[in-house]
Every structure is written in C-alpha cells, then in structure tokens.
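Since this is a predicted model, take the numbers as computed values, not measurements. For the single chain, residues carry numbers from 1 onward in sequence order.
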Amino acid sequence: MSGGGKGVCTALAISNAITNLSATVFGELWRLEPLAPQRKAMWRREMEWLLCVSDSIVELVPSIQQFPGGGTYEVMEMRPRSDLYVNLPAIKKLDAMLLSMLDGFCETEFCYVDRGIIVDDSNDGKGFMPGGRPSIRQEEKWWLPYPKVPPNGLSSEARKKLQQCRDCCNQILKAAMAINSSVLAEMEIPRAYMESLPKSGKACLGDIIYRYITADQFSPEHLLDCLDLSSEHQTLEIANRIEAAVHVWKQKDQKKHINHKKAKRASWGGKVKGLVSDTEKNHFLAQRAETLLHSLRHRFPGLPQSALDMNKIQYNKDVGQSILESYSRVMESLAFNIMARIDDVLFVDDATKRCAAAESMSIFSRGGLGGLPIQKRMSPSPFSIQHTPYGSPLATPTFCSSTPVVGSPGRTPLCVKRSIRNEALDEKTEKLLAADFERVWSYAGSLSSRRTTGDAPERD
C-alpha cells in the first residue's frame with residue numbers, strides 16, 4: 001500500500017495495482033470463451049484484497065435508536081462514504097455481469113484458428129472469407145486468432161444471442177464510462193497541471209481556433225467541421241488544448257474577480273470598469289470553450305483520457321476516488337474488448353453469408369431453373385452485327401434499281417457489275433463478322449462463368 005521503493009502515495013499505489021491486475025487477467029482476451037478458473041480465482045481474490053481498504057473509508061451519519069425501557073436517542077453511526085456507497089456496489093455488479101457473459105460462451109457455433117491454418121484452408125478452397133484471406137480489419141490485428149463460422153454462417157439463434165450480448169456490453173460500457181467520468185470530475189485539479197499551462201488562452205488554442213471562439217457568430221459544430229479530426233491523436237491533442245484554455249480563462253476570471261473586490265473596496269473608478277469588462281470576457285470565453293469541448297466529446301465518446309485526467313490520476317491523494325476510478329476504468333476496458341471480439345465474429349458471419357449467397361446466385365445463373373440455361377441480354381459492342389442495316393449478314397440482299405438490258409453480250413450492265421462487286425464484298429464481310437460473332441460469345445461466356453469475389457466492407 002505504501003508504493004514500495006518508488007515512494008508513491010497510497011492512492012496511486014492502489015490504482016496501479018488494480019490496473020496491473022487487470023492487465024494480467026484480461027490482457028489476452030482474444031477469444032470469446034470462459035475465463036480460465038485460475039485467472040478468475042486470482043482476479044476475485046486479489047480484488048477483494050485491494051477493495052478491503054474501502055471498508056475503512058467511512059463517514060458518520062445521524063441515526064435514531066431506542067432505549068430498552070422506551071424513548072429514543074440520536075447517535076452517529078459509521079457508513080461507507082457516499083460516493084463509495086453508491087458507485088462501488090454498481091461496479092461490482094458490472095464486474096459480475098461481464099464475467100458471467102464470458103462464461104456463457106462455452107458451447108458456440110464458431111471457433112478460432114491460427115493464422116497458419118487460414119492459409120491452409122484457403123489453399124484447399126474451403127476458406128471462410130471471400131478471396132481466401134482475412135479482412136483488412138483482421139490483418140491489422142495480426143496477433144488475434146481468426147474466428148471461423150460454419151459454411152452457411154451462424155444460425156439465427158446464435159446470431160441473436162451474440163447481438164444481445166453486444167447490446168448488454170454496450171450498456172455496461174456506458175455505465176462504466178459514466179462512473180469514471182463522474183469520479184474524475186470530482187478530483188481536484190493538480191497544482192502541477194495549472195503551473196504547466198501557458199499564460200493565455202490564445203497560446204493554448206492557436207490562432208485559428210482562437211479566432212473562431214472570439215468571433216461574433218460562434219457555432220461549435222461548424223468549428224469542429226473545419227478542424228482536422230481525422231486521427232485519434234489529433235483529436236486528443238485538440239481536446240487537450242481546448243481544456244487547457246478553459247482552465248486558463250477560469251483562472252484569470254478568478255484572479256480578476258478577487259482584484260475586482262479589492263478595487264471595489266478602494267473605489268478606483270475607471271480601473272474598476274476595466275476589470276469588470278475583462279472578467280466578463282474571460283468568463284464568456286471559458287463558457288464557449290467548455291461548449292466546444294462538450295461537443296467534441298459528444299462527437300467522439302470513445303476518446304482516451306486527456307492530459308488533465310492523467311494528471312489527476314497521478315497526483316490524486318484520495319484512496320476512495322482512486323479505487324473507484326481504476327475499478328471503473330478496467331471494467332470499461334473489459335466491456336470494450338468483449339464488444340470488439342463480438343464484432344469480429346459478426347463481421348466474419350456477414351462476409352461468409354454474402355459469399356454463400358453470391359456463390360448460389362452464380363450457380364443459379366449458370367444452370368438456370370430446372371437445368372435450363374438462362375439467356376442474358378448482351379450490351380451492344382463496336383463489332384456487333386447490330387451495326388449492319390440487315391438482320392443477318394448471311395442474307396444481305398443485292399439489288400439494282402435499273403432494268404437489265406437484254407441482248408447486249410458485249411457490255412455488262414451497271415447493275416450486274418454492282419451485284420458482282422457486292423457479292424465479293426459480302427463474302428469478305430461474312431467471314432469477318434462470323435469471326436467477331438464467335439469472339440463476342442466466347443467473351444460473354446467467360447463473363448457469365450466468372451465468380452464475383454470481393455472483400456467485405458469493414459464494420460465500424
């Protein structure tokens with residue numbers, strides 16, 4: 001409890017102990033399966049040791065008791081502190097719900113395989129992903145085992161159970177986040193954090209954000225649309241800058257307010273007016289920055305802890321708040337990891353069902369209903385026979401508009417010359433068109449027998 005050789009305070013030592021224990025037990029939660037009995041026993045045993053400290057964090061509340069012979073008297077009795085009395089049983093309930101949810105994945109329709117087995121399955125043509133390879137989501141998590149579902153996907157009952165577990169995890173995650181944020185809000189702001197802040201709000205925000213906040217027309221949503229929030233790192237950096245500006249302006253507001261009271265006692269006239277205007281401006285800008293920070297956190301609810309939160313955890317001296325913050329934080333992480341594993345299984349199931357549906361449609365289009373081939377409508381091509389003015393190139397008629405002259409053996413009529421020339425051209429055209437005709441149908445046949453294989457979209 002003393003922190004060992006590092007010399008840290010008791011609150012930080014307990015916070016680190018709960019965090020390290022969670023990493024040991026739940027750090028390798030890569031599969032949806034019951035927790036190992038040894039790990040579960042270690043978690044419950046050591047968490048009981050760490051939480052027993054909260055039994056000594058009490059407060060005195062008035063209580064009415066009765067005398068044996070009649071009458072009542074008021075005494076002060078001990079009760080757990082109000083924040084521990086409300087939040088600690090709730091976090092314990094969330095803990096039990098998550099562990100029981102993991103215990104429910106004992107008999108499932110899906111299983112997990114290693115990366116090397118995926119390659120072997122895809123080479124045999126029995127892969128469970130379109131294209132015979134994992135998705136981009138799975139390739140980024142190369143250390144995770146790959147979920148495998150039946151060839152036709154999960155049954156409706158199994159999928160419904162997974163979706164219910166995911167919804168329950170989502171509610172547990174929201175409850176843990178609410179408890180954690182409320183405990184962090186009650187912690188005192190460390191002096192070290194306030195001393196590290198810049199001297200002005202403009203230095204915290206930068207020119208662009210400061211110009212938007214001090215403008216006459218202010219819209220937090222429009223300002224967030226103009227900022228670069230493409231990555232989590234940039235979003236967290238902007239949140240830290242906005243939060244720093246809020247506390248800079250609040251600190252100035254408090255100082256100006258104290259100076260204003262002193263100036264009012266001394267009745268300094270015009271100087272009092274300037275102090276009042278500066279105080280109102282700092283308070284106004286702090287409110288705008290708080291509104292912008294609230295909108296940013298509402299748009300990105302899964303944002304990591306800010307620099308102020310980490311400073312609060314590091315410099316916190318209250319053991320009860322340290323227990324609540326660390327316990328709710330590890331439950332939040334566990335619920336998020338379970339949701340991520342459920343999303344992986346649902347994603348693979350969706351991709352498998354789409355692949356099976358595409359394959360069945362391809363077989364149906366090739367064989368047709370009852371074994372009869374289905375005729376497909378072809379789009380016109382540049383060398384198609386539809387460009388000729390006749391229905392068939394094999395029966396192109398030759399005619400002449402003038403009447404043939406009979407009895408002139410020495411001269412061949414013009415219409416006969418045209419007919420001979422047209423017949424020679426038609427034979428050449430017939431050969432070319434016949435070759436093009438065969439080429440078109442061979443190309444169309446290759447298109448119809450081709451299978452559509454594409455990567456399934458990622459799930460958010």
Side-chain angles (χ1 to χ4, degrees), residues 11 14-55 57 79-106 161-187 297-298 300-305 309 312-313 316 318-346:
I14 294 179
S15 177
N16 292 337
I18 294 177
T19 303
N20 295 334
L21 178 62
S22 172
T24 303
V25 177
F26 306 113
E28 296 183 357
L29 188 63
W30 296 346
R31 307 166 185 261
L32 290 176
E33 60 185 7
L35 203 63
Q38 297 83 2
R39 290 180 180 270
K40 187 188 298 185
M42 181 177 67
W43 169 256
R44 289 176 174 172
R45 180 180 64 252
E46 298 193 15
M47 279 301 297
E48 186 178 356
W49 295 345
L50 294 172
L51 296 179
C52 69
V53 185
S54 61
D55 297 337
I57 305 175
R79 193 186 70 176
R81 204 171 64 185
S82 57
D83 55 346
L84 293 170
Y85 183 76
V86 173
N87 293 323
L88 191 56
I91 303 176
K92 289 182 179 179
K93 182 65 175 178
L94 300 180
D95 185 0
M97 291 174 65
L98 290 175
L99 291 180
S100 64
M101 187 179 301
L102 287 176
D103 292 337
F105 292 108
C106 53
K161 179 183 176 181
L162 277 176
Q163 192 62 46
Q164 289 176 351
C165 290
R166 191 192 185 283
D167 296 339
C168 182
C169 270
N170 192 22
Q171 297 301 321
I172 294 174
L173 176 64
K174 290 180 180 179
M177 290 176 64
I179 295 175
N180 187 264
S181 61
S182 65
V183 173
L184 285 173
E186 292 176 359
M187 289 184 180
R297 287 179 173 171
H298 180 72
F300 300 95
L303 206 62
Q305 290 177 336
D309 295 338
K312 284 182 176 181
I313 296 172
N316 175 46
D318 193 309
V319 177
Q321 290 180 343
S322 176
I323 291 175
L324 291 177
E325 191 279 328
S326 56
Y327 198 6
S328 61
R329 174 161 41 85
V330 298
M331 288 299 101
E332 177 184 340
S333 176
L334 178 59
F336 181 83
N337 289 335
I338 294 177
M339 281 181 59
R341 302 292 83 78
I342 294 176
D343 285 340
D344 291 340
V345 177
L346 293 177

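Other residues, nucleotides and ligands contribute over 12 non-hydrogen atoms within 6.0 Å of the CZ atom of Phe300.
Across Cys168 and Met101, no two heavy atoms sit closer than the pair SG-CE, 3.6 Å. Minimum interatomic distance between Trp43 and Val330 (heavy atoms only, all atoms of both residues): CH2-CG2, 4.2 Å. Taking every heavy atom of both residues into account, Met339 and Leu173 meet most closely at SD-CD2, 4.0 Å. Taking all atoms of both residues into account, the shortest heavy-atom contact from Pro301 to Met177 is O-CE, 3.1 Å.
Side-chain atoms of Ser22 never come within 3.5 Å of backbone atoms of Ile18 as a donor-acceptor pair (strictly under, hydrogens ignored). Checking side-chain atoms of Thr19 against main-chain N and O of Ser15 turns up a donor-acceptor pair under 3.5 Å. Put simply, the side chain of Arg329 never gets that close to the backbone of Leu324: no donor and acceptor are under 3.5 Å apart. A donor-acceptor pair under 3.5 Å is formed between the side chain of Lys312 and the backbone N or O of Leu184.
The pair Arg44-Glu48 does not meet the salt-bridge criterion, since no charged nitrogen lies less than 4.0 angstrom from a carboxylate oxygen. In summary, Asp95 and Lys92 do not engage in a salt bridge, as defined by a charged side-chain N under 4.0 Å from a carboxylate O. Under a 4.0 Å N-O distance rule, the pair Arg81/Asp318 qualifies as a salt bridge.
Taking 4.5 Å as the limit, some side-chain heavy atom of Glu186 sits within range of a side-chain heavy atom of Gln321. Pro80 has its side chain out of reach of Ile57: every pair of non-hydrogen atoms, C-beta onward, lies at least 4.5 Å apart. Within the 4.5 Å cutoff, the side chain of Ile342 has no heavy atoms near those of the Gln163 side chain. A heavy-atom distance below 4.5 Å is not found between the side chains of Glu33 and Leu102.
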*Phe26 vs Leu99, side-chain contact (heavy atoms from CB on, under 4.5 Å): CA-CA, chis, key distance, verdict*: CA-CA 11 Å; Phe26 306 113; Leu99 291 180; 3.9 Å; yes
*Step-by-step side-chain contact (heavy atoms from CB on, under 4.5 Å) determination, Val319 to Val53*: CA-CA 8 Å; Val319 177; Val53 185; 4.0 Å; yes
_Is there a side-chain contact (heavy atoms from CB on, under 4.5 Å) between Ser328 and Val183? Walk through the geometry before answering._
CA-CA 9 Å; Ser328 61; Val183 173; 5.6 Å; no
*List the steps and the verdict of side-chain contact (heavy atoms from CB on, under 4.5 Å) for Ile172 and Leu334.*
CA-CA 10 Å; Ile172 294 174; Leu334 178 59; over 6 Å; no
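Between Leu98 atom CG and Lys93 atom NZ the span is 11.5 Å, to the nearest 0.5 Å. A distance of 6.5 Å separates OG in Ser322 from CE in Met187, rounded to the nearest 0.5 Å. Note that CE of Met331 and CD1 of Ile179 are 11.0 Å apart. Values are rounded to the nearest 0.5 Å. With rounding to the nearest 0.5 angstrom, the CH2 atom of Trp49 is 14.5 Å from the CD1 atom of Ile14. A distance of 7.5 Å separates CD1 of Ile338 from CG of Leu32, quoted to the nearest 0.5 Å. To the nearest 0.5 angstrom, Glu325 atom CD is 3.5 Å from Ile313 atom CD1.
Residues Asn337 and Trp30 bring no donor and acceptor atom of their side chains to less than 3.5 Å of each other. Looking at Tyr327 and Asn87, their side chains never bring a donor and an acceptor atom within 3.5 Å of each other.
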